Amino acid sequence: MPADCLFCRIVASEIPSDRLHEDDLVVAIRDIAPRAPTHILLMPRRHIASAAELTDDDGPMLGRLFSVAADLARAAGIADSGYRLVSNVGRWGGQTVDHLHVHLMGGRAFDWPPG
Ligand code: AMP
Ligand code: ZN
């Protein structure tokens, strides 16, 4: 694990977080600076820099991540109204933490395309 990776340190519980789910592949936490009434981050336990680094071998992890996202959306009461799942890649994509994560955002309507 890269010693300086914020989300690796959160996964390892070296930095506190509001953890909503964890299993052998995936961890979900509340975003520290929510941009929507529900704003959750889902990430693999294993360090992967971004979606650009994914391979076929990550299929089971990704299946888990998206099924956990659907469960958390239902639990948050936003499943019926709809929500946004997004993973930013690189600087122009808006990525600020270089450990793959998917934002689960809901509780309000979102514009398309994003700004
Ligand atoms: P991104 O800009 O797509 O890389 O998303 C990074 C997200 O991590 C942002 O929405 C931040 O608010 C969030 N974030 C940064 N530090 C923490 C932290 N310590 N705990 C929870 N979320 C964080
Ligand atoms: Zn990491």
Side-chain angles (χ1 to χ4, degrees):
M1 125 186 174
D4 58 345
C5 175
L6 173 64
F7 286 174
C8 278
R9 297 189 68 196
I10 284 177
V11 166
S13 298
E14 292 174 12
I15 293 176
S17 66
D18 186 355
R19 208 173 275 224
L20 300 176
H21 172 92
E22 65 180 314
D23 59 45
D24 56 325
L25 295 174
V26 169
V27 172
I29 64 171
R30 274 195 204 286
D31 197 291
I32 203 167
R35 301 297 190 97
T38 296
H39 190 167
I40 295 167
L41 302 173
L42 299 106
M43 63 193 74
R45 274 192 185 279
R46 185 170 78 80
H47 182 85
I48 300 171
S50 79
E53 309 296 321
L54 289 164
T55 72
D56 276 0
D57 293 341
D58 297 308
M61 180 277 291
L62 287 171
R64 180 77 59 76
L65 188 151
F66 280 96
S67 71
V68 168
D71 288 344
L72 290 175
R74 279 188 284 272
I78 60 172
D80 290 343
S81 51
Y83 50 90
R84 180 71 56 85
L85 294 171
V86 64
S87 190
N88 299 323
V89 178
R91 296 288 84 86
W92 278 27
Q95 185 175 12
T96 58
V97 178
D98 290 337
H99 179 128
L100 173 66
H101 51 283
V102 172
H103 297 256
L104 164 58
M105 306 173 79
R108 66 173 174 85
F110 297 97
D111 293 333
W112 190 262

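Heads up: numbering here begins at 1 and tracks the sequence. For ligands, and for the atoms within them, numbers begin at 1 and follow the listed sequence. Heavy atoms only: backbone and side chains are in, while hydrogens, waters and symmetry mates are out. This is a predicted model, so every value here is computed, not measured.
Under the side chain to side chain donor-acceptor pair (under 3.5 Å) criterion, H39 pairs with D31, H103, not counting sequence neighbours. Residues passing the salt bridge (Lys or Arg N to Asp or Glu O under 4.0 Å) test with R84, sequence neighbours excluded: none.
Between D24 and R46 there is no salt bridge, since no side-chain N of the basic residue sits under 4.0 Å from a carboxylate O of the acidic one.
Judged purely by atom type and a 3.5 angstrom limit, R108 uses its side chain to pair as donor or acceptor with the backbone of R35. Not one N or O on the side chain of H101 forms a donor-acceptor pair closer than 3.5 Å with the backbone of A28. Side-chain N or O atoms of R19 include one that pairs as donor or acceptor with a backbone N or O of I10 at under 3.5 Å. Side chain of E53 to main chain of H47: no donor-acceptor pair is present (N/O by atom type, distance under 3.5 Å, no hydrogens or angles). Side chain of R74 to main chain of I78: no donor-acceptor pair is present (N/O by atom type, distance under 3.5 Å, no hydrogens or angles).
Listed by chain and number, residues touching ligand 1 at under 4.0 Å (heavy atoms only) are L6, F7, I10, I29, R30, D31, I32, A33, L41, N88, G94, Q95, T96, V97, H101, H103.
Around the Zn ion (ligand 2), the protein contributes the following N, O or S atoms under 2.8 Å, ordered by chain and number: C5 SG, C8 SG, H47 ND1, H99 ND1.
No side-chain heavy atom of L100 sits under 4.5 Å from any side-chain heavy atom of D58.
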